[in-house]
Amino acid sequence: MVLVLSRGGFCPKDRRQHEGLVQLHREMEVGYCRLVTISTDNITETNEFRTGVGAHWPFLSDPGRKVQKDLDIPEYTDPLHNPMIPHTLVLEPGLVVYKIYMGYWFFGRATVEELRQDLRAVTKKCRPDWDITKPEFKAAWEQGKKELFYPYGKTYAQTLGEQD
């Protein structure tokens, strides 16, 4: 999962970052990954932000700034909007932090390619059947050991039934 802690739709840097994430999100969907954005905008501003960039992943509104306070990341240089300092987190299964990017400056934010590489590394780490060209995987398949391959002992119907 990629979690984006955003300043909000008022910020041109955040809008540009999210425009880049739109294409990556299409790749993430077929790669069994999730993307979520949280901002300090109210629900109306959050929905306008999401629609304005053409995003189709969850945008969560935190006008009470619970995330900002819990993580102690207020952007003290902008008292007018009182946003959180933007961060992008790459999370492994179980919501284990793999990498954190701090994006106060735009070029501190993760690029689409960096996120793609991070997701590759996380997927490789958590998918035992990452390299099915290994002879032992082909032998296991031929022996009927399907539990070693995605969806790991479940039918596709069961796997689809577990999706949101």
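Predicted model, so just to flag it, every value in this text is computed and none were measured.
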Atom NZ of residue position Lys66 - does it have more than 12 heavy atoms of other residues, nucleotides or ligands inside 6.0 Å?
no
Cluster membership besides Tyr98, Ile/Leu/Val/Met/Phe/Trp/Tyr side chains within less than 4.5 angstrom, sorted by chain and number, is Val2, Val4, Leu21, Val22, Leu24, Met28, Leu35, Phe49, Val53, Trp57, Phe59, Val90, Tyr101, Val112, Leu115, Leu119, Val122
Taking a hydrophobic cluster as the set of Ile, Leu, Val, Met, Phe, Trp and Tyr residues connected by side-chain heavy atoms closer than 4.5 Å, whether directly or through intermediates, do Met102 and Val97 fall within one such cluster?
yes
Contacts of Arg50 that satisfy side chain to side chain donor-acceptor pair (under 3.5 Å) - sequence neighbours left out
none
According to side chain to side chain contact (heavy atoms under 4.5 Å, CB included), who are the partners of Thr40, at least two apart in sequence or on a separate chain?
Arg65, Pro83, Met84
Are Tyr32 and Val36 joined in one hydrophobic group, where the rule is that I, L, V, M, F, W and Y side chains link up if heavy atoms are under 4.5 Å apart?
no
His81 atom NE2, over 12 foreign heavy atoms within 6.0 Å
yes
Looking only at atom types and distance, does a side-chain atom of Asp129 sit under 3.5 Å from a main-chain N or O of Ile132, one as donor and one as acceptor?
no
Would you mind checking if Arg109 and Asp14 are paired as a salt bridge, meaning a charged N to carboxylate O distance below 4.0 Å?
yes
Short question: side chain of Glu45, backbone of Phe10 - any donor-acceptor pair under 3.5 Å?
no
Which label fits Phe137 and Phe149: parallel for a plane angle under 30°, tilted from 30 to 60°, or perpendicular past 60°?
perpendicular
Connected via hydrophobic side-chain network under 4.5 Å: Leu5 and Phe107:
no
Identify the residue among Glu75, Gln68, Arg7 that makes a side chain to side chain donor-acceptor pair (under 3.5 Å) with Asn82.
Gln68
Can Gln17 and Thr88 be counted as having a side-chain donor-acceptor contact under 3.5 angstrom?
yes
Establish whether Ile100 and Val96 are linked, either directly or via other cluster members, by ILVMFWY side-chain heavy-atom contacts under 4.5 Å.
no
Main-chain N/O of Gly8 paired to Asp41 side chain as donor or acceptor, under 3.5 Å
no
Membership question, hydrophobic clusters at under 4.5 Å side-chain separation (ILVMFWY): are Tyr150 and Trp130 in the same one?
no
Taking atom CG of Leu60 as the centre, does the number of heavy atoms from other residues, nucleotides or ligands within less than 6.0 Å exceed 12?
yes
